[in-house]
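Reckoned from all heavy atoms, side chains included, excluding hydrogens, waters and symmetry mates.
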Amino acid sequence: MTAILGVSPPVYHEVKKPPPAIDFRDVKLTFAGQTDGTLVLGGISFSVRPGEIMSVVGPSGCGKTTLLRLASGLVPPSSGQVWCNGRRVDALNTEVGFVTQDSNLFPWLTALGNVEFPLAVRGVPDKERRERAMHWLELVGLSGFENHYPAQLSGGMQKRVSIIRTLVYEPSVVLLDEPFGALDAQTRMHLHHELLSLWQHQKSTMLFITHDLVEAITLSDTVVVMTRGPGLVKEIYDVPLARPRNVFEIYLEPGFDKAYASLWKHFKHEVQEVLLPGGAL
Amino acid sequence: MVDLAALDRPAAKGRARPRSMRRYYVLMTQLSLLLTLILGWQWGVSEAQLPYFSRPTLVAAKLMELISQPTIYRHIWVTLQEILIGYFLGAVFGLVLGFVLGRSQFLSDALQPFIIGLYSIPKIALAPVFIVWLGLGMSSKVAVVFLASFFLVFFNTYSGLRAVNEELVRLARLMGASWPQTISRVILPAAADQIFLGLKTAVPYAVIGAVIGEYIGSNEGLGFFILYASQTYDAPALFAGIILLVGIVFAANLGLSHLEGKLIRWKTSSSQAVQI
């Protein structure tokens with residue numbers, strides 16, 4: 001039509017935005033049952049911006065962990081698509097790093113051996129591998145423990161090794177599945193602090209699964225609230241807290257109360273049914 | 001730097017005796033028990049005038065006499081060959097099949113009834129069958145040794161692979177490990193404990209297999225030597241032969257433990273062997 005009028009269309013010089021680190025596009029997932037399937041995820045759409053920390057909160061059994069398995073290509077979606085850095089995830093996605101609920105260290109390798117593992121299988125030369133692994137061990141205060149086997153390390157130390165084993169090969173997206181769930185409150189706070197410093201150090205994208213609202217607010221730029229099964233996105237909330245944050249006194253940060261209150265407003269309906277069936281909270 | 005691991009060791013808490021002292025007491029107890037047994041045997045037999053029970057002094061004399069002559073070495077060598085060849089083949093086949101079935105759910109399901117069927121047959125009881133098939137020579141004994149060790153290595157390798165934490169396998173794959181790397185760096189180390197247990201448990205069974213095979217029908221080997229001693233009522237030679245057998249088992253286990261110690265230094269808990 002513009003050609004008919006003899007006017008050429010305006011040319012927009014689009015600023016080339018990097019694609020989302022992870023992009024869930026109307027992802028549905030059904031687990032096959034005996035007679036019919038169980039709908040685990042009922043159409044999830046959201047994306048993780050490169051370089052941000054995003055948390056997903058939701059009641060147990062809402063399919064939070066499943067999201068990470070989809071993003072890493074361990075499970076294919078029943079319908080919809082998962083994209084990672086502009087590429088569709090249709091096989092094992094080695095661009096992501098996965099930090100599991102349990103530390104899952106290789107018990108036959110020392111702390112150093114564990115951190116070196118991903119570098120070794122990626123063919124990094126011995127000397128460089130050792131230097132990089134030692135550097136990360138030092139960052140989390142584990143110098144002197146490099147020759148300890150996992151069984152000789154405390155739970156918190158194992159968790160540190162497990163996290164840096166993933167960060168050491170600098171995956172573009174780090175997926176963390178309730179990594180601090182089993183730790184005591186003190187160790188947890190320390191690890192929140194360390195995770196944020198490591199993130200400042202490396203600026204990798206992180207997708208963090210938790211059921212703890214305070215943890216989500218403390219760490220993230222964005223929080224996704226999910227509903228009880230079948231999992232749906234209920235709310236995407238931007239955390240207004242400035243960085244760097246003091247994780248030890250996060251509740252004193254301006255805006256924390258408000259953030260907590262607005263998240264809880266969405267979240268309480270989800271936990272309510274479990275706590276008091278049919279009742280008010 | 002504080003060694004946290006050291007604090008966890010019971011020794012550091014002052015509960016147990018220092019390790020070196022404890023080991024010394026254990027060793028002393030073992031030695032005195034052995035001495036009591038030997039002295040008890042010696043004394044009991046001379047007091048009770050039991051025929052054909054021999055005496056440690058007579059057995060020792062016989063042993064000295066035997067090892068100064070070449071005949072016994074021929075017997076030892078024949079039995080050793082049967083054990084080594086049969087055990088080696090059994091271990092290789094057991095490892096390979098255990099690995100394949102341990103990783104493949106389909107093959108494992110498909111072959112399960114057959115394996116359970118074979119599992120319930122006492123392998124040693126098949127020795128006469130092999131004598132009929134393969135004759136009185138070495139090959140029939142090798143077959144019995146093979147079968148006995150194969151099953152132990154197979155079952156332990158299989159159950160070791162079944163017990164591998166799949167989460168570790170998935171993590172390794174996500175970290176970029178290829179399948180060959182995942183097998184050599186994750187799956188095999190994770191199952192190594194149980195595999196070694198199978199290899200070690202199979203040793204005495206291999207020896208039993210060879211000796212029983214020789215008892216049933218042969219004209220050389222340690223089993224033949226013992227049987228011959230029994231038929232000629234030569235009690236000292238009988239016991240000397242058994243002591244030589246014990247020596248073989250002992251040496252083999254020592255060798256395997258040494259190998260295991262070199263390969264598995266991280267060991268934290270002990271597994272239970274699958275027995276036949």
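- Side-chain contact between L174(B) and T166(A): absent, with no pair of heavy atoms (C-beta onward) separated by less than 4.5 Å.
- Contact annotation for L119(A): neither backbone nor side-chain heavy atoms come within less than 4.5 Å of a heavy atom of chain B.
- P107(A) places a side-chain heavy atom less than 4.5 Å from the side chain of L168(B).
- Neither the backbone nor the side chain of D102(A) comes within less than 4.5 Å of any heavy atom of chain B.
- The number of heavy atoms from other shown groups lying within 6.0 Å of CZ (R130(A)) does not exceed 12.
- Only the side chain of L171(B) comes within contact range of chain A, judged by heavy atoms closer than 4.5 Å.
- In this structure, the portion of T100(A) lying under 4.5 Å from any heavy atom of chain B is its side chain and not its backbone.
- Here CZ of F117(A) is found 7.5 Å from CD of Q181(B). Values are rounded to the nearest 0.5 Å.
- Atom CZ of residue R173(B) and atom CZ of residue F98(A) lie 15.5 Å apart, to the nearest 0.5 angstrom.
- Chain A forms more heavy-atom pairs under 4.5 Å with one residue of T182(B), N165(B), V186(B) than with any other, namely V186(B).
- Residues R185(B) and A120(A) come closest through the heavy atom pair NH1-CB, 3.7 Å.
- Y169(A) touches chain B through its side chain: at least one heavy atom from C-beta onward sits under 4.5 Å away, while N, CA, C and O do not.
- Open room surrounds CZ on F250(B); 12 or fewer heavy atoms of other groups in view lie less than 6.0 Å from it.
- The two atoms that bring R165(A) and M175(B) nearest to each other are NE-CE, 3.3 Å, heavy atoms only.
- For the pair R170(B)/R69(A), a side-chain contact is recorded, criterion being any heavy-atom separation below 4.5 Å from C-beta on.
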